[in-house]
Amino acid sequence: MNILAVESSCDETAVAVVQDGRRVLTDCIASQVALHRLYGGVVPEIASRKHMEAIYALADEALETAGITRQDLDAIAVTAAPGLIGAVLVGVNFAKAAALALDKPLVPVHHIRGHIAANYIAYPDLKPPFLCLVVSGGHSLLVDVEDYTVFRILGTTRDDAAGECFDKVARLLGMPYPGGAALDQAARSGDPGKYPMPHTHLSGNPLDMSFSGLKTASINLIHNAGQKGEALDIPALCASFSQAVSDILVPRTMAALEQTGRKTLAVAGGVAANSQIRADLQRETERRGARLCLPPLKLCGDNAAMIGAQGYFEYQAGVRAGQDLNAYATMPLDRLPWV
Ligand code: KG4
Ligand code: ZN
């Protein structure tokens with residue numbers, strides 16, 4: 001089954017063709033990152049307009065590079081939530097038009113479910129149930145993936161997402177947007193013990209996370225040093241910060257593995273590219289004899305192949321949308337309006 005998948009929820013316009021949920025025939029991306037870098041972050045209206053310009057040609061390119069025709073498609077899958085609303089609307093509208101014109105079923109996909117499904121592409125033998133740590137620019141959560149379309153949220157951030165904090169601290173250090181990768185690079189030569197970072201204690205669900213205290217402490221540290229004219233040890237600060245984020249994420253993830261009894265941990269989202277977090281997850285899963293699935297960097301960030309993968313499983317579960325499908329800025333991944 002060939003699915004044409006469309007993703008436009010943030011600053012990447014992406015169209016892919018995915019066969020039977022796991023075989024990527026093509027994965028085309030038109031990234032707007034360089035453009036938004038001029039402004040230090042994503043400018044929503046510019047993102048929407050760029051999606052409008054790029055999407056049609058990108059879909060043609062996808063079919064051409066996949067070596068198939070429009071008639072070879074069996075369904076159209078699209079990210080319908082969550083994301084920048086103007087940006088998501090462009091992809092949804094395009095997918096609706098394509099489904100109508102080609103008379104193919106339309107399958108809405110939750111963006112975070114897509115991030116999780118990137119693991120099905122990277123690990124063709126991976127099947128639910130498994131535990132997934134989702135860490136992206138907008139989301140940080142621990143999810144028990146009971147089945148391809150059945151999810152149970154075990155813990156979530158109470159405030160900022162991990163990626164948001166990486167980007168904010170990186171920006172203050174003068175690194176180009178999105179700064180997570182640059183901060184990670186700088187951290188590699190730094191001493192993670194040099195700058196003590198706060199440890200936030202939360203009441204309630206022990207698997208919930210909080211990153212805002214860490215973000216504020218880092219911001220204050222940078223501002224104070226600036227005011228006093230003191231030089232900061234940038235690699236050490238980046239290493240201390242990265243270690244602190246990992247120290248929030250990794251112990252909770254291990255506790256979730258123990259709580260659920262799952263033997264496989266999958267990781268999803270752009271922050272999964274972080275070298276400290278990857279190393280800590282690798283060490284801790286090995287220690288427990290659990291399997292760790294860490295998709296390659298290309299599949300961790302936003303792409304349409306992951307939407308095609310999840311779209312396939314949603315299709316198999318009977319999920320369809322009509323021409324009245326809407327786009328949604330926010331939506332929990334375990335309660336979808338179109339099911
Ligand atoms: O999943 P993603 O591509 O987009 C969202 O759906 O949010 O994640 C992007 C986030 C950005 O915050 C970016 O700075 C972060 O992932 N990121 C990293 C690294 N590479 C990307 N954060 C830390 N270390 C990295 N190596
Ligand atoms: Zn994403």
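First listed ligand is number 1; within each ligand, the first listed atom is number 1. It should be emphasised that the depicted structure is a prediction, and the values quoted were computed from it without experimental measurement.
- On a distance-only criterion, Gly163 and ligand 1 share at least one N/O pair closer than 3.5 Å.
- Look at His111 and you'll find a heavy atom under 4.0 Å from some atom of ligand 1.
- Within the 4.0 Å heavy-atom criterion, both parts of Asn274, backbone and side chain, lie near ligand 1.
- Aromatic ring centres of Tyr177 and Tyr39: separated by at least 6.0 Å.
- Using a 4.0 Å cut-off between a side-chain N of Lys or Arg and a carboxylate O of Asp or Glu, Asp125 and Arg291 qualify as a salt bridge.
- Ligand 1 lies less than 4.0 angstrom from a heavy atom belonging to Gly138.
- Among the atoms of Cys10, none of the N, O or S atoms falls under 2.8 Å from the Zn ion (ligand 2).
- Distance alone, capped at 3.5 Å, places no donor-acceptor pair between the Asp147 side chain and the Thr149 backbone.
- Below 3.5 Å of separation, one finds no N or O of Glu164 facing any N or O of ligand 1.
- For ligand 1, the atoms closer than 4.0 angstrom to any heavy atom of Ala273 are 20 (N), 26 (N).
- In terms of N/O distances under 3.5 Å, ligand 1 is approached by Gly137.
- Within the coordination shell of the Zn ion (ligand 2), defined by N, O or S atoms under 2.8 Å, His115 is present.
- With hydrogens and angles ignored, the 3.5 Å screen pairs no side-chain donor or acceptor of Asp144 with any backbone N or O of Arg152.
- Residue contacts with ligand 1: Gly301 is placed with no nitrogen or oxygen under 3.5 Å of a nitrogen or oxygen of the ligand (distance criterion only).
- Every atom of ligand 1 with a heavy atom of Gly270 under 4.0 Å away is listed here by number and element: 1 (O), 2 (P), 8 (O), 16 (O), 17 (N), 18 (C), 19 (C), 20 (N), 21 (C).
- In this structure, the side chain of Asp160 does not engage the main chain of Phe211 through any donor-acceptor pair within 3.5 Å.
- Under a 4.0 Å criterion applied to the non-hydrogen atoms of Gly269, ligand 1 contributes the atoms 1 (O).
- Using a 4.0 Å cut-off between charged nitrogen and carboxylate oxygen, Arg70 and Asp60 count as a salt-bridge pair.
- A salt bridge is defined here as a Lys NZ or Arg NE, NH1 or NH2 lying under 4.0 Å from an Asp or Glu carboxylate O, and Glu45 with Arg49 meets this definition.
- Looking at Glu286 and Gln282, their side chains never bring a donor and an acceptor atom within 3.5 Å of each other.
- Ring orientation note: the planes of Trp338 and Tyr328 are tilted relative to one another, at an angle of 30° to 60°.
- Not a single N or O atom of Ser275, backbone or side chain, sits closer than 3.5 Å to an N or O atom of ligand 1.
- Between Tyr312 and Tyr148, a ring centre-to-centre spacing not shorter than 6.0 Å is recorded.
- Taking the N/O/S atoms of Asp302 in turn, the shortest distance to the Zn ion (ligand 2) belongs to OD1.
- Using a 4.0 angstrom heavy-atom cutoff, His115 counts as in contact with ligand 1.
- Counting atoms of ligand 1 from 1 in the listed order, those under 4.0 Å from a heavy atom of Gly180 are 14 (O), 18 (C), 19 (C), 22 (N), 23 (C), 24 (N), 25 (C).
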